[in-house]
Amino acid sequence: MSSNTIRGNLVDALNEMTKLLEVCENRDQCFEIRIKIRELFQSLDRVIAASLDSTTPDFDDAIKALQSLTNEATEAKRKLDKVAVVINKAATAIGKVEKLVRNVTGIL
């Protein structure tokens with residue numbers, strides 16, 4: 001159950017980041033967004049294979065970071081000057097998810 005919540009939030013973040021990529025006009029920022037999308041997909045692969053404990057503070061941190069990323073990406077589509085903020089939020093969210101799955105073996 002807990003991995004479904006993380007999975008759902010990862011998918012939401014990926015969807016919003018992809019939509020943001022479609023409207024982004026800055027080539028450098030588009031490149032950074034593509035990298036973050038790939039990292040989010042890698043995190044999703046690891047989460048699918050992991051057994052997550054939803055009672056830990058790290059779990060809550062990851063959920064909050066993913067939700068914040070999704071909200072910022074949605075907002076950045078309306079205000080393209082916020083794209084840099086989204087890229088930084090993506091890096092933070094990825095780090096928090098990876099902290100959850102750091103002990104998973106056999107996955108990238």
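Every value quoted in this text rests on a predicted model; they were computed, and no experiment measured them. Side chains are part of it too, since the values below use all heavy atoms of this structure and drop only hydrogens, waters and symmetry mates.
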**Message:** Count I, L, V, M, F, W, Y as connected when their side-chain heavy atoms are under 4.5 Å apart, and connections chain through other members. Are Phe41 and Phe31 then in the same cluster?
**Reply:**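 Different hydrophobic clusters.
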
**Message:** Going by side-chain hydrogen bond (donor to acceptor under 3.5 Å, both in side chains), name the residues that satisfy it together with Lys64, two or more places apart in sequence or in a different chain.
**Reply:**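 For Lys64 there are no side-chain hydrogen bond (donor to acceptor under 3.5 Å, both in side chains) partners, ignoring immediate neighbours.
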
**Asked** Mind checking what makes side-chain hydrogen bond (donor to acceptor under 3.5 Å, both in side chains) contact with Ser68, not counting sequence neighbours?
**Response**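 Only Lys89 meet the side-chain hydrogen bond (donor to acceptor under 3.5 Å, both in side chains) criterion with Ser68.
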
**Asked** Who passes side chain to side chain contact (heavy atoms under 4.5 Å, CB included) against Asp12, sequence neighbours left out?
**Response**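 Once residues adjacent in sequence are excluded, the partners of Asp12 under the side chain to side chain contact (heavy atoms under 4.5 Å, CB included) criterion are Thr70.
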
Quick check for you: to the nearest 0.5 Å, what is the distance between [X] atom [atom1] and [Y] atom [atom2]?
| X | Y | atom1 | atom2 | result |
| --- | --- | --- | --- | --- |
| Leu20 | Gln29 | CG | CD | 8.5 Å |
| Asp58 | Leu52 | CG | CG | 10.5 Å |
| Leu14 | Arg7 | CG | CZ | 14.0 Å |
| Thr56 | Leu100 | OG1 | CG | 5.5 Å |
| Ile94 | Leu44 | CD1 | CG | 11.5 Å |
| Leu10 | Ile63 | CG | CD1 | 8.0 Å |

How close do [X] and [Y] get, counting heavy atoms only, and between which atoms?
| X | Y | result |
| --- | --- | --- |
| Leu80 | Cys24 | CD2-CA, 4.3 Å |
| Ile6 | Leu66 | O-CD1, 4.1 Å |
| Ser54 | Asp60 | O-OD1, 4.4 Å |

**Request:** Please identify each residue that fulfils salt bridge (charged side-chain N to carboxylate O under 4.0 Å, His left out) with Asp28, with sequence neighbours left out.
**Result:**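 With neighbours one apart ignored, the set is empty.
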
Side-chain donor-acceptor distances from residues 33-40 under 3.5 Å, at least two apart:
| from | atom 1 | to | atom 2 | distance (Å) |
| --- | --- | --- | --- | --- |
| Lys36 | NZ | Glu39 | OE1 | 3.2 |

**Message:** Before you tell me yes or no, could you show the steps for Asp53 and Phe59 under side chain to side chain contact (heavy atoms under 4.5 Å, CB included), namely the whole-Å CA-CA distance, both residues' side-chain angles and the distance that decides it to 0.1 Å?
**Reply:** CA-CA 7 Å; Asp53 181 359; Phe59 186 90; over 6 Å; no

**Message:** Considering only residues two or more places apart or on different chains, which pairs with a residue in residues 71-80 satisfy salt bridge (Lys or Arg N to Asp or Glu O under 4.0 Å)?
**Reply:**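 Matches after skipping sequence neighbours: Glu16-Lys77, Glu72-Lys82, Glu75-Arg78, Glu75-Lys79.
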
